[in-house]
**Q** 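Quick one: structure below, then a few questions.
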Amino acid sequence: MENILKEKLWFYIIHNNPDLMFTLQEEYNVLGYLNEKVNGVKSILEDMLSEGTPQYIIEEICLNVLTEDLKPSRFIYIRSLLAEEFEKTYTTFHESGILTYEVINLTESCKEVFETIGFTNENEEDPTLRNALIGQIADYLS
């Protein structure tokens, strides 16, 4: 079960937080990170297994806990802003095969905005956050 959770968490990271994926790979810490995260839900996992909880429910509950601090995805948010507000640039990046790389760079460039204003599920639609990020993206692209 632990290996399944590690695989599902890695799959989630690849698709929602590729910036984290690249960092973990650069630091040769993928396995260490996955082990640490899964160890953090071990008691929940063991409790549910002993209660006879179906595997799919265990996986869903544990994955929600494992990905809690990875939501919302800054990467996906920046990629969406780029597609909506800078459509031509988005298309150029996509067609040249550098979209993921550039969105990771943009996410890093916008880090201060995210940290200053905050980025949560509750303020994801905040126009102040959106406009600040659009401005930062425009600066990065110029």
Side-chain angles (χ1 to χ4, degrees), residues 1-134 136-141:
M1 177 64 78
E2 290 177 30
N3 286 333
I4 291 170
L5 290 174
K6 288 177 196 174
E7 288 173 18
K8 289 185 178 247
L9 176 58
W10 186 242
F11 184 82
Y12 180 89
I13 291 169
I14 289 169
H15 293 283
N16 295 285
N17 304 86
D19 47 333
L20 175 60
M21 176 193 74
F22 285 120
T23 300
L24 291 172
Q25 288 175 331
E26 284 175 358
E27 296 171 354
Y28 299 98
N29 194 28
V30 172
L31 195 55
Y33 178 86
L34 296 175
N35 285 334
E36 183 180 325
K37 293 288 279 186
V38 170
N39 283 338
V41 297
K42 217 171 196 170
S43 63
I44 297 169
L45 175 63
E46 289 170 357
D47 288 347
M48 288 191 291
L49 283 171
S50 68
E51 294 168 357
T53 306
Q55 182 173 336
Y56 72 95
I57 292 175
I58 295 172
E59 289 175 15
E60 184 177 342
I61 290 170
C62 287
L63 201 55
N64 281 334
V65 172
L66 290 168
T67 59
E68 194 172 296
D69 63 334
L70 301 175
K71 298 174 187 172
S73 169
R74 292 177 178 189
F75 177 87
I76 291 174
Y77 192 77
I78 293 294
R79 187 180 63 197
S80 296
L81 283 179
L82 188 64
E84 293 167 15
E85 301 295 329
F86 304 91
E87 189 175 340
K88 187 174 181 179
T89 302
Y90 176 90
T91 302
T92 302
F93 287 167
H94 182 69
E95 289 174 353
S96 2
I98 61 170
L99 179 62
T100 299
Y101 173 78
E102 288 297 341
V103 173
I104 289 171
N105 288 339
L106 281 166
T107 302
E108 185 61 32
S109 173
C110 294
K111 188 176 184 176
E112 189 175 323
V113 174
F114 280 121
E115 290 173 358
T116 301
I117 298 174
F119 185 58
T120 62
N121 287 323
E122 291 77 32
N123 78 339
E124 207 171 347
E125 300 301 321
D126 179 2
T128 304
L129 174 66
R130 182 180 175 84
N131 291 333
L133 289 170
I134 290 169
Q136 185 62 39
I137 292 169
D139 286 350
Y140 175 89
L141 296 174

**Q** Do Q55 and I4 touch side chain to side chain, with heavy atoms closer than 4.5 Å?
**A** yes
**Q** Which distance, rounded to the nearest 0.5 Å, do you find between the CD of E124 and the NZ of K71?
**A**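 These two atoms lie 11.5 Å from each other.
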**Q** Could you tell me the separation between the SG atom of C110 and the CG atom of N105, rounded to the nearest 0.5 Å?
**A** 11.0 Å
**Q** Which of these, L9, T67, L5, sits in a side chain to side chain contact (heavy atoms under 4.5 Å, CB included) with K37?
**A** L9
**Q** For residues 16-33, dump all side-chain donor-acceptor pairs below 3.5 Å to protein atoms at least two apart in sequence or in another chain.
**A**
unit_1 : atom_1 : unit_2 : atom_2 : d
N16    : ND2    : Y12    : O      : 3.1
N17    : ND2    : L70    : O      : 3.4
T23    : OG1    : D19    : O      : 3.0

**Q** Count the heavy atoms of every other residue, nucleotide or ligand shown that sit under 6.0 Å from OH of Y140, and state whether that count exceeds 12.
**A** yes
**Q** Looking at CG of L106 and CG of L81, how far apart are the two atoms once the value is rounded to the nearest 0.5 Å?
**A**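 That separation rounds to 10.0 Å.
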**Q** Check step by step if side-chain contact (heavy atoms from CB on, under 4.5 Å) holds for K6 and N3.
**A** CA-CA 5 Å; K6 288 177 196 174; N3 286 333; 4.0 Å; yes
**Q** To the nearest 0.5 Å, how far apart are CD in Q136 and NZ in K111?
**A**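 Separation between the atoms: 13.0 Å.
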**Q** Under 3.5 Å, which donor-acceptor pairs link side chains of residues 43-51 to any protein atom two or more places apart or in another chain?
**A**
unit_1 : atom_1 : unit_2 : atom_2 : d
S50    : OG     : E46    : O      : 3.3
S50    : OG     : D47    : O      : 2.8

**Q** When rounded to the nearest 0.5 angstrom, what distance separates NE2 in H94 from OG1 in T100?
**A**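 Result: 9.5 Å between the selected atoms.
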**Q** Contact between N64 and E68 at the side-chain level, heavy atoms closer than 4.5 Å - yes or no?
**A**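 No; the side chains remain at least 4.5 Å from each other.
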**Q** Who pairs with E84 by side-chain hydrogen bond (donor to acceptor under 3.5 Å, both in side chains), at least two apart in sequence or on another chain?
**A**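 Applying side-chain hydrogen bond (donor to acceptor under 3.5 Å, both in side chains) to E84 gives R130.
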**Q** Taking side-chain contact (heavy atoms from CB on, under 4.5 Å) as the definition, give me every residue that meets it alongside I117, ordered by chain and number, with sequence neighbours left out.
**A** V113, N123, D126, T128, L129, A132
**Q** Heavy-atom distance under 4.5 Å between the side chains of L63 and F11, does that happen here?
**A**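 Side chain of L63 against side chain of F11, heavy atoms only: no contact under 4.5 Å found.
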**Q** Of all residues at least two apart in sequence or in a different chain, which pass the side-chain hydrogen bond (donor to acceptor under 3.5 Å, both in side chains) check with N39?
**A** none
**Q** If you round to the nearest 0.5 Å, how far is CD1 of I78 from CD1 of I134?
**A**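 Rounded to the nearest 0.5 Å, the CD1-CD1 separation comes out at 9.5 Å.
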**Q** Does atom CD of E112 have more than 12 heavy-atom neighbours from other groups under 6.0 Å away?
**A** no
**Q** If you count the non-hydrogen atoms of other residues, nucleotides and ligands that lie under 6.0 Å from CD in E87, is the total more than 12?
**A** no
**Q** Show me the pairs that pass ring-ring contact (aromatic ring centres under 6.0 Å, His included) and involve residues 36-91, at least two apart or across chains.
**A**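 Residue pairs passing ring-ring contact (aromatic ring centres under 6.0 Å, His included), neighbours aside: Y77-F119.
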